[in-house]
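I have placed the structure first, in the form of structure tokens, so that the comments after it can refer back to it.
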Protein chains: 2
Amino acid sequence: MPPSSPTTSAVAPASAQQDRVDDGVGRFQQTPLAQEVAFLTARARVRGNALANELLSDLDLKVRPFAVLAMACSGTNPSQRELGDFLDLDPSQVVALVDRLEERGVLQREPDPRDRRSKILTATEAGRELYAQAAERTHEAEAQTLQGLTPAERDQLRELLIKIVY
Amino acid sequence: MPPSSPTTSAVAPASAQQDRVDDGVGRFQQTPLAQEVAFLTARARVRGNALANELLSDLDLKVRPFAVLAMACSGTNPSQRELGDFLDLDPSQVVALVDRLEERGVLQREPDPRDRRSKILTATEAGRELYAQAAERTHEAEAQTLQGLTPAERDQLRELLIKIVY
DNA sequence: TATTGTTATACTCTATAACTATA
DNA sequence: TATAGTTATAGAGTATAACAATA
């Protein structure tokens, strides 16, 4: 099956095609390291991150600010601390990320009436529009990353990852 | 099934137990972001990396130098460039990592007789001993990371990751 | 002319500690 | 006394460009 016709695709720059992954170092694939799940997830994450950043670049977004925006758009009204816990981000990193997104007008800090120390993150209308566009890109990135798997295998992978990660 | 008794365990410091992962932000698990494979692999990688680094710390190793050492011990005689390609490392990062490991006496740079520009990495006897100890730790880390999965599921996960990563 | 390894450099990401305002 | 957010700062990790030796 030729990997040339993306299915769920909305946007697909030519440069982002990763038809088959092979660095010419295939002789290393049988080493013990190359069989470790930790190594494989690290590699998947590097590849996936790079592709997603590339597809998000025309929106002036990267994966991390996208994740913050996504949480602000989720309807769960996270505080900055909750968001940091969930995304494995330092409180100071959260501040920097939220600063930039707030300046850009895509999200807001709102005081939590029940605890005035904490600030609730919510998206603006512009933020929801940006998120909609960005989510298209990340879904495209995921489709490309998982193109070697059947739909059933994709669900399997997702379920297995959810089990080890939560 | 209680997740309290590690099975394949060799070494298990009390501080490294991660019996159940829950940040108290479980209400975010139903958001779209939390279902993305890219997000899940990123999270798995952060968690796995932290645990592996912790278990390797008494050997004065971290995940990245461990990976370099593992390749030097693999019998595949990689050049620095090949190693960088395979491990997603910049040539300059490879230099820094190899420098430290060579000073430590666990690996060597040897000139490639067929191309005197490139340098082949091989482990010393001390390097192989260090690797043996370190591999115990990383296997323990993997066992803890995957403790929520059955053996069959672990193999499934590995096979799925291999498909998307190579 | 291109490539391997090296060096120097800058940039980004991440981690730490101290401060403020609230609790 | 403890916690949420902020600030400043430093450290680690990553990326870039230029160079020497070799192909």
Side-chain angles (χ1 to χ4, degrees), chain A residues 23-25 42-43 45-50 52-54 56-57 60-68 71-72 77-103 107-122, chain B residues 23-25 42-43 45-50 52-54 56-57 60-68 71-72 77-103 107-122:
Chain A
D23 335 73
V25 284
R43 196 173 159 106
R45 178 253 175 193
V46 169
R47 301 281 211 267
N49 232 42
N53 279 337
E54 187 182 336
L56 287 171
S57 63
D60 195 26
L61 271 181
K62 292 191 167 190
V63 166
R64 216 162 297 251
F66 166 75
V68 174
M71 294 309 296
N77 295 331
S79 72
Q80 292 192 187
R81 187 193 54 72
E82 290 175 316
L83 185 135
D85 286 347
F86 191 60
L87 300 182
D88 290 309
L89 295 172
D90 242 63
S92 60
Q93 299 178 55
V94 175
V95 171
L97 286 162
V98 170
D99 277 353
R100 272 174 249 149
L101 292 170
E102 193 172 35
E103 285 165 20
L107 59 71
Q108 303 161 330
R109 286 181 241 236
E110 295 183 355
D112 184 341
R114 299 190 307 170
D115 181 346
R116 285 184 307 174
R117 288 174 304 178
S118 75
K119 302 181 181 170
I120 301 299
L121 302 177
T122 57
Chain B
D23 336 72
V25 282
R43 196 174 159 109
R45 178 253 175 192
V46 169
R47 301 284 213 265
N49 231 41
N53 279 338
E54 186 181 335
L56 287 170
S57 63
D60 194 26
L61 270 181
K62 292 190 167 190
V63 164
R64 217 162 294 250
F66 166 74
V68 174
M71 294 309 296
N77 295 330
S79 72
Q80 291 190 189
R81 188 193 53 73
E82 290 175 318
L83 185 136
D85 286 347
F86 191 60
L87 300 183
D88 291 308
L89 296 171
D90 242 63
S92 59
Q93 300 178 54
V94 175
V95 170
L97 286 162
V98 170
D99 277 352
R100 273 174 248 150
L101 292 169
E102 193 173 35
E103 285 165 20
L107 59 72
Q108 302 161 332
R109 286 180 240 236
E110 294 183 356
D112 183 341
R114 301 190 306 170
D115 182 344
R116 285 184 305 175
R117 287 174 306 181
S118 77
K119 302 182 182 171
I120 301 300
L121 302 177
T122 57

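In what follows, chains are A, B, ... by sequence order, proteins preceding strands, each numbered from 1.
- Residue-level contact check: B:Asp115 touches the backbone only, with heavy atoms under 4.0 Å from sugar-phosphate atoms and none from bases.
- For A:Arg64 and C:dT14, the shortest distance from a side-chain N or O to OP1 or OP2 is below 4.0 Å.
- Although no hydrogens or angles enter the test, the distance criterion places no donor-acceptor pair under 3.5 Å between the side chain of A:Gln80 and the main chain of A:Val94.
- Nucleotide C:dG5 holds its P atom 5 Å from the CD atom of B:Gln80, rounded to whole Å.
- We find that CG of B:Leu97 is positioned 13 Å from P of D:dA15, with the value rounded to whole Å.
- The interatomic distance linking B:Asn49 (CG) with C:dC13 (P) rounds to 17 Å, in whole Å.
- The side chain of A:Gln93 contributes an N or O atom lying less than 4.0 Å from OP1 or OP2 of C:dA15.
- For the pair A:Arg81 and D:dG5, the criterion of a side-chain N or O lying under 4.0 Å from OP1 or OP2 is not met.
- Taking atom CD of residue B:Glu54 and atom P of nucleotide C:dA15, one finds them 14 Å apart after rounding to whole Å.
- Looking at heavy-atom distances under 4.0 Å, A:Ser92 makes contact with a base.
- The CZ atom of A:Arg45 sits 13 Å away from the P atom of D:dG13 (whole-angstrom rounding).
- Within the 4.5 Å cutoff, no side-chain heavy atoms of B:Gln93 are placed close to those of B:Leu87.
- The side chain of A:Arg116 sits closest to C:dT22 out of C:dT22, C:dC13, C:dT7.
- Using a 4.0 Å heavy-atom cutoff across all strands shown, A:Asp112 reaches no nucleic acid atom at all.
- The interatomic distance linking B:Leu89 (CG) with D:dG13 (P) rounds to 11 Å, in whole Å.
- Rounded to whole Å, the distance from CG on B:Asn53 to P on C:dT14 is 14 Å.
- Under 4.0 angstrom from either OP1 or OP2 of D:dT6 there lies at least one side-chain N or O belonging to A:Arg109.
- Judged by distance alone, with hydrogens and angles left aside, the side-chain atoms of B:Asn53 form a donor-acceptor pair with the main-chain N or O of B:Val63 at under 3.5 Å.
- Judged by closest nucleotide on DNA chain D, A:Arg117 is the one of A:Asp99 and A:Arg117 placed further toward the 5' end.
- Residue A:Lys119 has a polar side-chain atom (N or O) positioned under 4.0 Å from OP1 or OP2 of D:dT6.
- Within the 4.5 Å cutoff, the side chain of A:Val68 has heavy atoms near those of the A:Leu107 side chain.
- Between A:Arg100 and B:Pro91, the residue anchored closer to the 5' end of DNA chain C is B:Pro91, taking for each the nucleotide with the nearest heavy atom.
- Using a distance-only test at 3.5 Å, with no hydrogens or angles considered, a donor-acceptor pair links the side chain of A:Asp115 to the main chain of A:Arg117.
- We find that CG of B:Asp85 is positioned 10 Å from P of C:dG5, with the value rounded to whole Å.
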